[in-house]
Amino acid sequence: MNKIADVLVVGSGMAGLVAALSAAQQGCSVRLLSAGMGSLAICGGTIDLLGYVQGNAIADPWQGMTQLPEEHPYRLLGVDNVRLAMDSLRKTLEDHGWPMHPAIIDGHDGNTRLPTIMGTLKPTWLLPPGVEPQTLATAKNILVVSVEKLRDCRPGLVIDQLKRYKEWADRTYTPALLPSPFGEAHRSISALDLARLADRPQTRNWLLDNLAQFAGNYDLILLPPLCGSRADLALQQQISAIAKCPVVEMLSIPPGVGGLRLRDVLLRAMKECGCTFIENATALHAEVHDGCCTALQVNASGVVERQAAHAFVMATGGILGGGITMTPGTVQETVFGIDIPAPQDVGQWSEQDIFGNHIFSHMGIRVDSAMRPVGHEATPLWQNVFFAGRTVGGYDYAAEKSGLGVAIATGWQAGRMAARAALEMNGKQQ
Amino acid sequence: MNMHISPDKCIACTTCVVQCPVAEATTKFLGPRMIGPAYERFRLLGLAEDASLHYCANCKNCDISCPQGVPVSSLNMLARAEQCRHHSPSLRDWILGHGELMARWLRHVPAPLKNFGMLNPLTREVLDALGIDKRATLPAFATQTFRQMFAHIRQPGHKRKVIYYPGCYVDVYDPTTGVDMVWALNRAGYDVIVPNEVVCCGLPLVSNGFWQHAHANAERNLRELAGWRDKGLPLLTGCPSCALMFRTDLLEYFPDLISKYGPCRLEDAQKFLLETMDDALFEATSTAPVVSQHVIYHAPCHLRAQGNGLPGLALLRRIPGVNVDNADAGCCGISGSYGFKKEKYDIAQTIGSRLFAAIRESGAATAVSECGTCRVQIRHGSGLPAKHPVSILRQHLEGLH
């Protein structure tokens, strides 16, 4: 075994997985450490690029990017690099049988407002296979389906809410509640429980038979995400064929099912690239010498192990993910101990308005265009350390609807730059 | 019991629910988020316990997946201990928790007789009535225990020594894996010491609700191993569940013993071999021609929980002539004795079905895994023979085909 990996990636959310793939595609040996699964596994499975700028909904995320502040990760990378990152991800998804696509408006790609299980509309960019914006826009006769005992989704509520939106008001809706296939269950069932029934051919008929009764009567069927938990294009096509109309899943609260499909694809792609995956290992400290990191100290079930590499990508998440540690008055990146400026008075970290412009939601480390953390003079702190995803500051994923987009763009760049640094260091040593 | 783990790090994100193999297989189980941290809040208030607590298999996938570092499985095991303090576990659970003790009682009975006594159809009907599913394949007693066999091994006399903790599965049911481990460690340049005093790590006792017995085993083991640890000898085991028990679980379950003896964090023997054997040691020791072999590897959940990756797989990949696939198909379902239980047998088979299919479809002739009961489940579910990585290592280097 080669004890020193070319690139060590920490974190297995979207940013970490994309960084690992991006480095491996440059010919590097990659080791990925994870402590927990990241939030990709529970998200909805569409990819947000940029939905709002300064509180205003935007149709064209690429146009919107130019209006972002300079410190925003998209601005640091530049629109062209963000495009390359997204193209790279789309190719990976397509190569693994899960082609995602954006809406095309006047020859340009743009956002789609997708219904949620609460009957609200959420702007998002890349859509799962089978979801056609044109169908969503033109369907007149819509069936809204849920399942008995699935407490998260009530067709009546979805319909009432959707009717409040201008573009969804002038349509005919029919609610339907399918019988629960679980009978008397000990727990309240989730969309994931139902999606997993569709995974297995033995139990798939429950869904197919129930949808067959509506065949030919509607232009569009909206249902919770219960069409399988894996990235299985054939299953999606089979479901729409049985229903004789497009079947579109509404975005759900966690577990959102769609995220599992994305994770399924990315883990398969990583495995094919020969990346090594080390689970349940928490990075504790970094060993740094002369402007370079040589190894991370890692907690492996109570024993501190040393993980050496030529370059490092940190995709450890934000405040919730553990990549950023807060105490009253101080904010720090967890592993390297990078100070993140914050007002001494914690009261100033947030605004009264819940949808306001909170300081805490922008908090994160400052990076250069290569995703290296920078100090006061905007010079890189270390030559071979790169950050990706929510640990990076300067954006507010919840307010902007840019979470997975920034994770992909920064992950792609950090992985690529780490690969370059690792190959340079390898060259020097040989 | 006055020990509690704070449930408040849980943010109810549902990641553990997504990764829990039992919750995937059955809606009879409330799921890790609810049964662990959410119910813990009721427990702390002295309110009711949920009836489905016993469905937790203690496989640790919740702990592996949790982004907040909540030790969900330990919350469940501590709750079960409390429950069993008020309601004694069944005779069935006593039998499944005390395999090693029963083997010690029956040590003078010849193995064929023991196995006939335990595994004949009539006994299986009786056990079935007690709650051990008659469809399950139960492991058979070995003719000699590992420690009986070890007493007759002549080692090379290396100066460097390691402590090998065999675990009850190797000792009672699968001594040849232990003998192969000794061979491999000898090959790596170490003589092996197997302390006589050590007993089962206590995981089967914890899982079946025998907390006091687990405490007694832990004390006996820590007392013995702490002495060797203090002499600076590496403490090794080939069993992932024993390793995890010593590395993390004992610290959460029995802090009193840890403050008395200090932790004895067993190291994964496959990782030790991987790091100490240089390439020359992977050359065949016999003149027999190298026969190539296609095997499929299954990573036990309790190994994945250790944060060291899959050193057994890396070891297999270094053996000339071995072509190894990683099944990467999730939990096998057995979780020690869980899958033998009548009300859980079908759940365990459902959980393992993805792995069994991956193994059968791989075209490999042999499955490989470090965990003894994973191997029992793989044999039962896929029909393929299943071996420990060190057995494959020895087989190839010695040209035993």
Side-chain angles (χ1 to χ4, degrees), chain A residues 1-3 11-13 31-42 149 180-190 192-193 196 199-200 202 229 253-257 259-260 263 267-268 271 276-283 298-305 307 316-317 320-322, chain B residues 11-19 23-31 34-35 50-52 55 60-61 63-70 243-244 246-249 251 263 265 267-268 271 274-275 299 301-311 313-315 317-318 326 328 350 353-354:
Chain A
M1 188 179 78
N2 190 359
K3 284 189 180 164
S12 76
R31 201 172 291 163
L32 181 88
L33 301 185
S34 81
M37 297 273 173
S39 52
L40 174 62
I42 54 170
K149 295 185 181 163
S180 166
F182 290 106
E184 285 303 315
H186 183 67
R187 63 167 192 260
S188 57
I189 56 168
S190 70
L192 179 61
D193 291 321
R196 282 173 165 159
D199 284 340
R200 296 174 190 254
Q202 314 85 288
S229 72
I253 58 168
V257 183
L260 267 182
R263 192 176 157 85
L267 286 178
R268 267 193 282 144
K271 196 176 162 185
T276 310
F277 190 12
I278 300 182
E279 294 175 283
N280 218 19
T282 308
V298 172
N299 179 1
S301 53
V303 178
V304 177
E305 296 280 349
Q307 290 283 354
T316 43
L320 270 181
Chain B
I11 58 164
C13 72
T14 73
T15 304
C16 59
V17 181
V18 171
Q19 301 298 333
E24 176 170 358
T26 179
T27 54
K28 289 177 186 162
F29 182 42
L30 210 51
M34 291 297 287
I35 209 83
D50 182 80
S52 74
Y55 278 110
K60 313 276 185 194
N61 279 286
D63 303 349
I64 296 171
S65 61
C66 177
Q68 307 299 325
V70 180
L244 195 62
F246 279 94
R247 289 170 77 107
T248 57
D249 291 1
L251 283 77
R265 294 193 167 96
E267 192 180 338
D268 184 277
K271 180 169 183 285
L274 191 65
E275 287 170 357
C301 301
H302 286 183
L303 177 69
R304 291 171 39 225
Q306 284 174 45
N308 276 316
L310 310 176
L313 176 64
L315 190 69
R317 290 201 162 131
R318 280 180 70 185
N326 180 8
D328 195 15
T350 304
S353 59
R354 197 179 297 150

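We name chains A, B, ... by the order of the sequence lines, and we start the count at 1 in each one. It should be emphasised that the depicted structure is a prediction, and the values quoted were computed from it without experimental measurement.
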[X], part contacting chain A, at a heavy-atom distance under 4.5 Å:
X: B:V17; value: backbone
X: B:E267; value: neither
X: B:C13; value: both
X: B:S353; value: side chain
X: B:I11; value: side chain
X: B:R317; value: neither

B:T350 versus A:R200: any side-chain heavy-atom pair under 4.5 Å?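 A side-chain contact under 4.5 Å exists here.
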If I compare all heavy atoms of [X] with all of [Y], which pair ends up nearest, and what's the gap?
X: B:R247; Y: A:A300; value: NH2-O, 2.8 Å
X: A:P255; Y: B:V18; value: CB-CG2, 3.5 Å
X: B:L244; Y: A:S301; value: CD1-CB, 4.4 Å

If you count heavy atoms of other groups shown closer than 6.0 angstrom to NZ of A:K149, is the number above 12? yes
About how many Å separate CD of A:E184 and OG1 of B:T27, when rounded to the nearest 0.5 Å? 10.0 Å
Just how far is it from atom OG1 of B:T15 to atom CD1 of A:I42, taken to the nearest 0.5 Å?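 So the OG1 of B:T15 and the CD1 of A:I42 are separated by 4.0 Å.
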At a heavy-atom distance under 4.5 Å, which candidate from [options] has the highest pair count against chain A?
options: B:N326, B:D50, B:I64, B:T248; result: B:I64
options: B:S65, B:A12, B:G31, B:P67; result: B:S65
options: B:M34, B:E24, B:Q19; result: B:E24

For the side chain of A:K271 and the backbone of B:D328, is there at least one donor-acceptor N/O pair under 3.5 Å apart? no
So, A:R187 side chain and B:A23 main chain: donor-acceptor pair closer than 3.5 Å or not?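 Here the side-chain-to-backbone pair exists.
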Top of A:Q307, A:E305, A:H186 for chain B proximity - count of heavy-atom pairs under 4.5 angstrom: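 Of the options given, most contacts go to A:H186.
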For chain B, which candidate among A:V257, A:I253, A:V303 shows the most heavy-atom pairs at distances under 4.5 Å? A:V303
Going by salt bridge (charged side-chain N to carboxylate O under 4.0 Å, His left out), name the residues that satisfy it together with B:K60, two or more places apart in sequence or in a different chain. B:D249
Mind listing the side-chain donor-acceptor pairs of residues 301-308 of chain B below 3.5 Å, one per line with the distance, residues two or more places apart or on another chain?
{"unit_1": "B:H302", "atom_1": "ND1", "unit_2": "B:S241", "atom_2": "OG", "d": "2.8"}
{"unit_1": "B:H302", "atom_1": "NE2", "unit_2": "B:N58", "atom_2": "O", "d": "2.9"}
{"unit_1": "B:R304", "atom_1": "NE", "unit_2": "A:E279", "atom_2": "OE1", "d": "2.6"}
{"unit_1": "B:R304", "atom_1": "NH1", "unit_2": "B:N61", "atom_2": "OD1", "d": "3.1"}
{"unit_1": "B:R304", "atom_1": "NH2", "unit_2": "A:E279", "atom_2": "OE2", "d": "3.2"}
{"unit_1": "B:R304", "atom_1": "NH2", "unit_2": "B:N61", "atom_2": "OD1", "d": "3.1"}
{"unit_1": "B:Q306", "atom_1": "NE2", "unit_2": "B:P240", "atom_2": "O", "d": "3.0"}
{"unit_1": "B:Q306", "atom_1": "NE2", "unit_2": "B:H302", "atom_2": "O", "d": "3.1"}

Portion of A:L320 that has a non-hydrogen atom of chain B nearer than 4.5 angstrom: both
